[in-house]
Participant: 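Here it is, the structure in full.
In what follows, chains carry the letters A, B, and so on, assigned in the order in which the sequence lines appear, proteins first and then strands, with residues in each chain numbered from 1. Note that the structure is a prediction, hence the values are computed from the model and not measured.
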Protein chains: 2
Amino acid sequence: MTQMGNSQKRSRNLEDIAARAGVSRSTVSRVINHDPKVSDKTREKVWAVIEQEGFSPNPVARALATNRTNVIGVVIPHSPHITFEDAYYFPTLLSGISKIANKRGYSILLWLRQSEDDERNFHRRIVSNRLMDGLIIASPPQTYSLIDHFLEANANFVMVERPSHHADIINYVTIDNIEVAYAAVSHLVNLGRCRIGTITGNLTITDGVDRFEGYKQALLDGGLTFDNELIYEGNFSYQCGYDGIKALLDKNIDSVFTANDISARGALHALHEAGVRVPEDVAVVSVDDLPTAVQVTPPLTTVHHPIEKKGEHAASILIDLIEGKVSKTQHVVLPTELIVRESCGAYLNVEN
Amino acid sequence: MTQMGNSQKRSRNLEDIAARAGVSRSTVSRVINHDPKVSDKTREKVWAVIEQEGFSPNPVARALATNRTNVIGVVIPHSPHITFEDAYYFPTLLSGISKIANKRGYSILLWLRQSEDDERNFHRRIVSNRLMDGLIIASPPQTYSLIDHFLEANANFVMVERPSHHADIINYVTIDNIEVAYAAVSHLVNLGRCRIGTITGNLTITDGVDRFEGYKQALLDGGLTFDNELIYEGNFSYQCGYDGIKALLDKNIDSVFTANDISARGALHALHEAGVRVPEDVAVVSVDDLPTAVQVTPPLTTVHHPIEKKGEHAASILIDLIEGKVSKTQHVVLPTELIVRESCGAYLNVEN
DNA sequence: TATCTTTGTGGGAGCGCTCCCATTTTTATA
DNA sequence: TATAAAAATGGGAGCGCTCCCACAAAGATA
């Protein structure tokens with residue numbers, strides 16, 4: 001009975017452990033924090049009690065004392081880029097972030113803005129929540145008051161994608177979207193395609209603009225003229241790919257560059273319905289290399305987008321920043337690679 | 001200069017605000033917490049200072065004092081069910097959770113287990129992280145030591161999907177997977193199909209088992225005999241749908257029930273390659289109603305799976321539990337609905 | 001005007017840590 | 001053995017809140 005009463009009472013804090021181990025609160029704290037200034041004998045004694053009691057220190061109290069929480073925030077605004085149609089982007093990014101966070105002992109506080117949430121309120125809640133040591137902001141729209149706020153507050157944050165303003169003083173991780181599009185379109189040019197249409201992404205987003213820019217450059221460098229007729233302004237969605245191709249088919253294209261795989265899928269669907277052969281009649285090239293890129297017919301030639309790596313780098317930079325391991329502004333541009341499959345007929349040409 | 005020095009110094013805590021407003025720390029606390037026992041005059045005076053200083057109370061200190069953080073945890077184990085192939089499930093669930101969390105003033109701490117993370121360590125970190133008032137555990141594998149631990153610790157948690165053990169004392173939100181499969185297969189039966197194959201989900205997961213069970217019941221109730229030849233054991237993946245259909249085609253099926261839309265897509269792909277007409281030669285029915293269900297050819301007849309609603313209910317129950325608004329064990333079974341499109345030929349039959 | 005309520009306000013104690021300085025104990029050196 | 005230096009330990013103060021009790025001020029009742 002007495003024994004039971006004894007073992008029932010779990011140790012709640014350092015003081016309890018200290019009492020049980022016959023040392024002081026401070027010594028227990030030192031043991032837990034791996035302070036070398038503790039004798040081996042004491043350390044063992046204290047660890048034994050800690051293990052036996054299954055004790056772990058209260059992170060809230062620790063946070064109050066140290067002003068550090070070991071939590072990083074991830075803000076996912078409800079932007080057109082991250083719709084649930086492209087449900088792949090966001091979990092993959094998160095997976096990369098989580099990989100590094102887990103490794104370095106950080107937890108992730110997730111801020112998902114719902115379409116019905118008021119933006120001001122959403123921001124206010126993030127800003128006043130001081131449970132985080134730093135933030136990763138994923139693909140924000142062009143104007144984004146949060147960023148100004150954090151900049152002003154001199155807070156630790158890293159953006160995924162290149163910011164449209166203050167890019168020089170903001171930490172970010174991105175790919176070179178111009179180059180990505182350039183590589184894709186050049187591939188078409190090299191295969192002899194000359195009426196190359198495009199279904200653009202959202203042109204209010206840096207990524208969309210950059211990919212469109214790369215398209216234009218590749219055409220020019222390939223000796224082709226840029227033709228406004230061959231542009232269909234889309235928004236990264238399946239639907240715009242589907243609608244876009246119908247519009248472009250009238251313009252007699254022999255190939256199309258879609259700004260992402262989702263819209264490429266829409267395009268492929270429409271092409272199939274129209275009885276147009278891919279790649280023989282119209283070649284399709286895209287960006288992202290989603291898992292579905294190999295599930296469509298024909299398998300999609302697309303530029304691989306290292307989404308998970310983006311998350312890893314963003315988390316890594318942020319934690320370095322938090323821990324004071326780096327101080328100057330960090331810019332990371334990850335390499336990309338054109339994955340040649342069958343939707344452009346590259347292999348057919350080689351065989352000729 | 002003096003003025004600047006003055007305005008530069010942001011108020012850090014209640015005491016600062018109190019000093020500026022000429023009241024005590026306690027009164028400021030009362031104002032912030034909407035305690036009615038404050039005179040209107042004082043309240044206004046204090047609010048004015050708070051607004052002017054842009055002050056918000058430190059949540060860490062508050063958490064230490066109240067033993068409540070207003071944070072809920074979401075654990076996503078790296079289970080076969082939630083692979084990134086079905087990237088839709090997890091963000092959608094999260095979206096539902098976030099919707100309610102935002103509304104009720106809670107933040108979300110996300111625990112994503114990476115394949116390389118050690119399970120014990122992962123659990124240990126969650127358990128010792130007392131930054132959360134409660135947890136939502138999404139689709140765990142059958143044995144899941146976390147659950148036992150939380151059960152033992154008498155912690156607040158809600159599972160998404162029906163747990164395999166202790167279901168009577170665990171809060172959960174789910175759909176009736178037996179009924180779901182039953183509805184799908186009965187649809188085929190009613191359309192006169194009689195050689196109905198199935199590509200099952202992962203049979204180590206409750207959902208997979210239940211859907212298989214529903215398939216069997218529907219066959220029996222439909223006056224058909226259950227034939228082992230027509231079963232292909234899959235795992236919810238695209239690949240198993242693809243492979244499964246090839247195996248089943250040899251068995252002369254006239255229709256197939258796939259355990260989810262992802263595997264249905266794989267099946268459709270293989271069917272198309274094999275030159276088999278859908279729905280004329282083989283009808284396909286599935287579960288989930290992902291956005292891609294309307295993007296395939298033909299559009300998929302499938303049972304709608306209210307994933308986002310699951311998240312909403314789970315969050316809602318958890319927060320009720322935390323706030324003491326409910327005490328007894330909560331079990332929610334959400335309704336589902338068969339969405340008839342073209343992959344089973346229902347409309348064709350109607351026209352006949 | 002005296003007394004009892006009611007309403008409003010202030011400040012101590014405490015949440016469980018860390019940090020720092022003072023003190024004790026041990027070890028090295030003369 | 002005396003003394004200096006180094007290593008180990010203890011405990012106060014403080015992080016910024018909330019909670020509670022004591023008290024002051026204002027209003028109601030006799």
Side-chain angles (χ1 to χ4, degrees), chain A residues 9-47 49-50 53-71 105 128-133 323-324, chain B residues 9-47 49-50 53-71 105 107 128-133 322-324:
Chain A
K9 189 149 278 164
R10 275 300 208 75
S11 295
R12 297 266 103 232
N13 57 30
L14 290 185
E15 211 91 42
D16 292 346
I17 299 293
R20 289 227 200 327
V23 296
S24 76
R25 170 173 46 87
S26 300
T27 299
V28 178
S29 174
R30 287 189 189 97
V31 170
I32 286 178
N33 293 297
H34 304 102
D35 186 321
K37 297 145 83 85
V38 179
S39 72
D40 291 350
K41 198 177 55 186
T42 310
R43 189 196 322 282
E44 279 165 32
K45 190 171 56 181
V46 172
W47 268 129
V49 178
I50 291 174
E53 301 281 319
F55 174 80
S56 61
N58 184 327
V60 175
R62 177 179 273 176
L64 184 60
T66 59
N67 204 24
R68 282 276 314 282
T69 58
N70 275 38
V71 171
S128 67
N129 184 306
R130 305 216 282 294
L131 241 34
M132 305 172 286
D133 296 331
E323 297 181 348
Chain B
K9 190 149 279 164
R10 276 300 210 73
S11 295
R12 299 264 102 232
N13 57 31
L14 291 185
E15 211 91 41
D16 291 346
I17 299 293
R20 288 225 200 327
V23 296
S24 75
R25 170 172 44 90
S26 300
T27 299
V28 179
S29 173
R30 287 189 188 96
V31 170
I32 287 179
N33 294 298
H34 304 103
D35 187 322
K37 297 147 82 88
V38 179
S39 73
D40 292 350
K41 199 176 54 184
T42 310
R43 189 196 322 283
E44 278 165 32
K45 190 171 55 181
V46 173
W47 268 128
V49 178
I50 291 174
E53 301 281 317
F55 174 81
S56 62
N58 183 327
V60 175
R62 179 179 271 175
L64 184 61
T66 58
N67 204 26
R68 283 274 315 280
T69 59
N70 275 36
V71 171
S107 311
S128 66
N129 185 307
R130 306 216 280 295
L131 240 34
M132 304 172 287
D133 295 333
I322 291 169
E323 298 182 348

Participant: Can you find a pair of side-chain heavy atoms, one from Ile32(A) and one from Arg62(A), that are under 4.5 Å apart?
Facilitator: yes
Participant: When you measure from the side-chain N and O atoms of Ser26(B) to the phosphate of dC19(D), is any distance below 4.0 Å, counting only OP1 and OP2?
Facilitator: no
Participant: Quick one: is dG10(C) close enough that its OP1 or OP2 comes under 4.0 Å of any side-chain N or O from Thr27(B)?
Facilitator: yes
Participant: Leu14(A) has an atom CG; how far is it from atom C1' of dG14(C), in whole Å?
Facilitator: 15 Å
Participant: For Thr42(A) and dT9(D), is the shortest distance between a side-chain N/O and OP1 or OP2 below 4.0 Å?
Facilitator: yes
Participant: Reckon Asn13(B) has a side-chain N or O less than 4.0 Å from the OP1 or OP2 of dC17(D)?
Facilitator: no
Participant: Check DNA chain D against residues 55-65 of chain A and give the residues with a non-hydrogen atom under 4.0 Å, in numerical order.
Facilitator: Leu64(A), Ala65(A)
Participant: Report the distance from atom CG of Asp35(B) to atom P of dT9(C), rounded to the nearest whole Å.
Facilitator: 10 Å
Participant: Take Thr66(A) and Arg30(B), find for each the nucleotide of DNA chain D with the closest heavy atom, and name the residue whose nucleotide sits nearer the 5' end.
Facilitator: Thr66(A)
Participant: Rounded to the nearest 0.5 Å, what separation is found between the CE atom of Met132(B) and the OG atom of Ser107(B)?
Facilitator: 12.5 Å
Participant: If you apply the rule side chain to side chain contact (heavy atoms under 4.5 Å, CB included), what do you find for Asn13(A) with Asn58(A), and how did you get there?
Facilitator: CA-CA 7 Å; Asn13(A) 57 30; Asn58(A) 184 327; over 6 Å; no
Participant: Which is more 5' along DNA chain C, the nucleotide nearest Glu15(A) or the one nearest Ser24(B)? Just name the residue.
Facilitator: Ser24(B)
Participant: Determine: side-chain N/O of Ser29(B) to OP1/OP2 of dT18(D), distance under 4.0 Å, yes or no.
Facilitator: yes
Participant: Report yes if a donor N or O on one partner sits less than 3.5 Å from an acceptor N or O on the other, where the partners are the side chain of Arg130(A) and the base of dG16(D); otherwise report no.
Facilitator: no
